[in-house]
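In what follows, chains are A, B, ... by sequence order, proteins preceding strands, each numbered from 1.
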Number of protein chains: 2
Amino acid sequence: MSRDAPTLEDVAQEAGVSRATVSRVINGVRNVDPGIQETVRRAIERTGYAPNRAARSLVTRRSQTVALVVSGAGDTPEEVHNAVATRVFADPFFGRVVSGVVGYLRPRSMHPLLMFAESEETRRQVLTDLRQGSADGALVVSTHADDPLPALLADAGLPAVLFARPSRPVPLSYVDLAHRDGAALAADHLLARGCRRIATITGPLDVAASRERLAGFRDTMARRGYPYVPVAEGGFTLDTGASAMSALLSEHPDLDGVFAANDLMAQGACQTLREHARHVPSDVAVIGFDDSSAAVGCRPALTTVRQPVEEMAAAMARLLDEQVRGVRGEATSVIFEPELVVRESA
Amino acid sequence: MSRDAPTLEDVAQEAGVSRATVSRVINGVRNVDPGIQETVRRAIERTGYAPNRAARSLVTRRSQTVALVVSGAGDTPEEVHNAVATRVFADPFFGRVVSGVVGYLRPRSMHPLLMFAESEETRRQVLTDLRQGSADGALVVSTHADDPLPALLADAGLPAVLFARPSRPVPLSYVDLAHRDGAALAADHLLARGCRRIATITGPLDVAASRERLAGFRDTMARRGYPYVPVAEGGFTLDTGASAMSALLSEHPDLDGVFAANDLMAQGACQTLREHARHVPSDVAVIGFDDSSAAVGCRPALTTVRQPVEEMAAAMARLLDEQVRGVRGEATSVIFEPELVVRESA
DNA sequence: CTGAAAGCGCTAACAA
DNA sequence: TTGTTAGCGCTTTCAG
């Protein structure tokens with residue numbers, strides 16, 4: 001019995017007070033005599049007491065945990081799960097999300113519970129987990145445009161916040177970036193440094209962010225007198241960036257500037273340019289997007305449009321927290337402004 | 001009231017049986033009449049019942065959750081936490097760990113709770129969280145050799161399993177790779193393809209795995225008649241791999257083979273070699289370690305020594321699970337065998 | 001094979 | 001300001 005973890009009762013006994021008083025001290029409820037407070041603290045110290053989370057959750061109806069769910073496409077078979085997890089985590093983006101989320105959660109003694117939802121069944125599982133109270137709500141990072149999870153969550157009335165505006169409207173809060181503004185920043189920077197034959201490598205065009213970045217870039221270029229911009233579509237990966245660059249180069253050998261919709265593709269573009277004996281930035285200036293770790297890892301270091309992912313992720317956590325606590329009623333969206341980071345590539 | 005989640009009692013009422021019976025059906029306890037079983041199932045369906053996790057945990061004293069803790073060095077200040085999370089997640093290795101862990105956990109309706117322990121305070125927090133029952137045990141991935149967390153966990157008697165053998169002995173289970181065997185594979189492959197002036201780029205030598213890989217490589221080379229192997233130390237990153245390669249090249253311009261202690265450094269080495277106009281593999285053969293996503297992403301694709309990270313991570317989860325369930329008493333270690341993966345670079 | 005009842009450890013009315 | 005008490009929703013003896 002002495003091997004069992006001490007309970008509130010044990011501490012109360014040790015301190016010579018009631019359970020309720022100890023509970024008050026622990027939860028920082030006012031109206032507790034400072035002297036008693038000290039006595040209780042010492043008793044807690046002596047007994048090595050740690051409040052049982054399950055018991056607390058049972059009465060507060062809150063788990064102090066949020067699901068961080070990586071949500072995929074329509075129906076990835078179970079077997080490919082490995083690939084999904086590996087790919088997502090390999091992307092420096094996700095690390096920044098985790099970082100931001102933990103930054104908000106940790107000071108509040110909350111934790112993220114990791115979940116994947118890449119198939120019909122696993123999505124159902126996420127809903128069940130939430131209904132069971134495994135987590136108080138979900139932070140959803142979708143890897144595909146047509147992710148059905150947000151709608152499911154909304155229909156079930158479960159608290160959730162999304163990263164990026166969903167392709168079809170859903171009554172859920174989300175955080176997003178002013179992608180158009182970011183692309184405008186890129187266009188203006190390339191033009192300012194004297195580039196005149198500028199192309200762009202887009203992300204997958206079924207992703208809203210990709211379309212926004214392209215639209216913003218084109219708009220600004222047109223407004224500045226360059227209505228025609230060569231475009232190649234990539235897939236946000238190094239490889240596709242490299243291929244897209246090859247394609248652009250063979251069509252327009254005289255290019256002197258490229259805007260890639262993310263850093264990984266910009267890096268791929270740099271590789272291709274080097275292989276084609278183009279110097280970056282003197283022959284061709286390259287500008288990326290995100291300011292991910294790839295940007296500084298790239299040689300030359302990438303000039304890029306910074307997306308404040310950590311802050312965005314922290315905001316997600318905050319929105320969810322407020323929603324769970326009932327501080328916030330309606331679904332809200334928070335849009336962040338991008339920022340140009342000038343390094344060597346442009 | 002009707003908006004409240006249905007409880008066991010509601011289901012029992014609906015099915016016309018007692019709470020206990022419903023509980024038995026849900027938990028698959030035998031001794032329940034098949035007819036009643038069916039009735040109960042239907043009642044569950046109709047009510048949309050989902051068992052409350054906190055309530056269950058309170059009585060079973062199990063959270064069905066394990067902490068996946070990324071544990072850092074001595075005393076990273078709180079502010080640098082971002083960097084830690086970002087760096088760790090950027091490493092493709094961690095994604096594979098998550099993948100393996102989730103692969104084991106999910107079929108058992110368990111989830112990983114993400115935690116970071118990079119300072120005195122956050123380590124204390126991890127211990128507290130575990131004592132509170134936030135998780136049933138910890139899966140620890142240390143990023144530094146002198147990580148104090150394992151010892152703390154062991155002292156507190158908390159269930160835990162480590163990735164890699166701790167530098168100082170600790171009575172905890174762990175999984176690891178036969179690093180020496182892997183290095184031997186690399187040496188033999190380079191020799192077999194005709195390389196005769198072979199060097200190696202090691203990982204940080206305060207990391208046991210780095211030392212093992214180096215020792216294994218040297219042993220095999222010596223045994224094959226090459227007692228002297230040029231060595232350069234790297235830091236498991238692309239940059240350090242590139243620098244190490246430069247150093248080796250300036251000392252030994254006639255090198256024809258390199259073994260790098262991980263893929264990222266091998267990739268860096270390839271970059272340097274290209275800059276120095278050495279063709280890979282015809283001038284210099286390069287072999288990496290891990291078979292991470294970097295290996296396939298690299299141009300040329302990396303020949304490498306595969307570390308079955310997913311399986312290793314799954315084994316960690318299994319060991320922990322068994323320990324929590326009391327199936328396993330003593331600390332155990334499971335050592336995995338590496339495998340050569342031949343691609344283009346050697 | 002099924003039901004009644006006793007908690008698991010905690011918080012939160014309500015009394016004092 | 002403190003204590004008493006009634007549950008939170010579930011599992012699990014123990015009877016029947």
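B:Glu45 and B:Arg41 are not joined by a salt bridge, as no carboxylate oxygen comes within less than 4.0 angstrom of a charged side-chain nitrogen.
Within the structure, the ring-ring contact (aromatic ring centres under 6.0 Å, His included) test picks out no pair touching residues 18-50 of chain B (sequence neighbours left out).
In this structure, the side chains of B:Val98 and A:Phe116 come closer than 4.5 Å at one or more pairs of heavy atoms.
Note on the helix from C:dC1-D:dG16 to C:dA16-D:dT1: angle between the axes of the first and last five pairs equals 40°, rounded to 10 degrees.
Of all nucleotides in DNA chain C, those with any atom nearer than 4.0 Å to a heavy atom of chain B start and finish, going 5' to 3', at C:dC1 to C:dG9.
At a threshold of 4.0 angstrom between heavy atoms, the contacts of A:Asp33 are confined to the sugar-phosphate backbone, with no base atom among them.
The environment of CZ in A:Arg124 is sparse: at most 12 heavy-atom neighbours from other residues, nucleotides or ligands sit within 6.0 Å. Counting heavy-atom neighbours within 6.0 Å of B:Arg46 CZ, excluding the residue itself, gives a total above 12.
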Atom pairs and distances, donor-acceptor, side-chain atoms in residues 164-173 of chain A, under 3.5 Å, two or more places apart:
{"unit_1": "A:Ser167", "atom_1": "OG", "unit_2": "A:Ala145", "atom_2": "O", "d": "2.9"}
{"unit_1": "A:Ser173", "atom_1": "OG", "unit_2": "A:Thr332", "atom_2": "N", "d": "2.8"}
{"unit_1": "A:Ser173", "atom_1": "OG", "unit_2": "A:Thr332", "atom_2": "O", "d": "3.3"}

Verdict with reasoning, A:Glu38 to A:Arg42, per salt bridge (charged side-chain N to carboxylate O under 4.0 Å, His left out) = CA-CA 6 Å; A:Glu38 194 42 39; A:Arg42 257 199 294 278; 3.6 Å; yes
task = Kindly indicate, with the supporting measurements, whether the criterion side chain to side chain donor-acceptor pair (under 3.5 Å) is fulfilled by A:Ser71 and A:Asp147.
result = CA-CA 7 Å; A:Ser71 188; A:Asp147 181 10; 2.5 Å; yes
task = List the protein contact pattern of nucleotides 6-16 of chain D with one symbol per nucleotide (5' to 3'): B for base contact, S for sugar-phosphate-only contact, - for none; contact means a heavy-atom distance under 4.0 Å.
result = B-BBBBBB---
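Legend: residues meeting ring-ring contact (aromatic ring centres under 6.0 Å, His included) with B:Phe336, ordered by chain and number and at least two apart, are absent.
Heavy-atom minimum distance, A:Ala135 versus A:Ser63: CA-OG, 3.4 Å.
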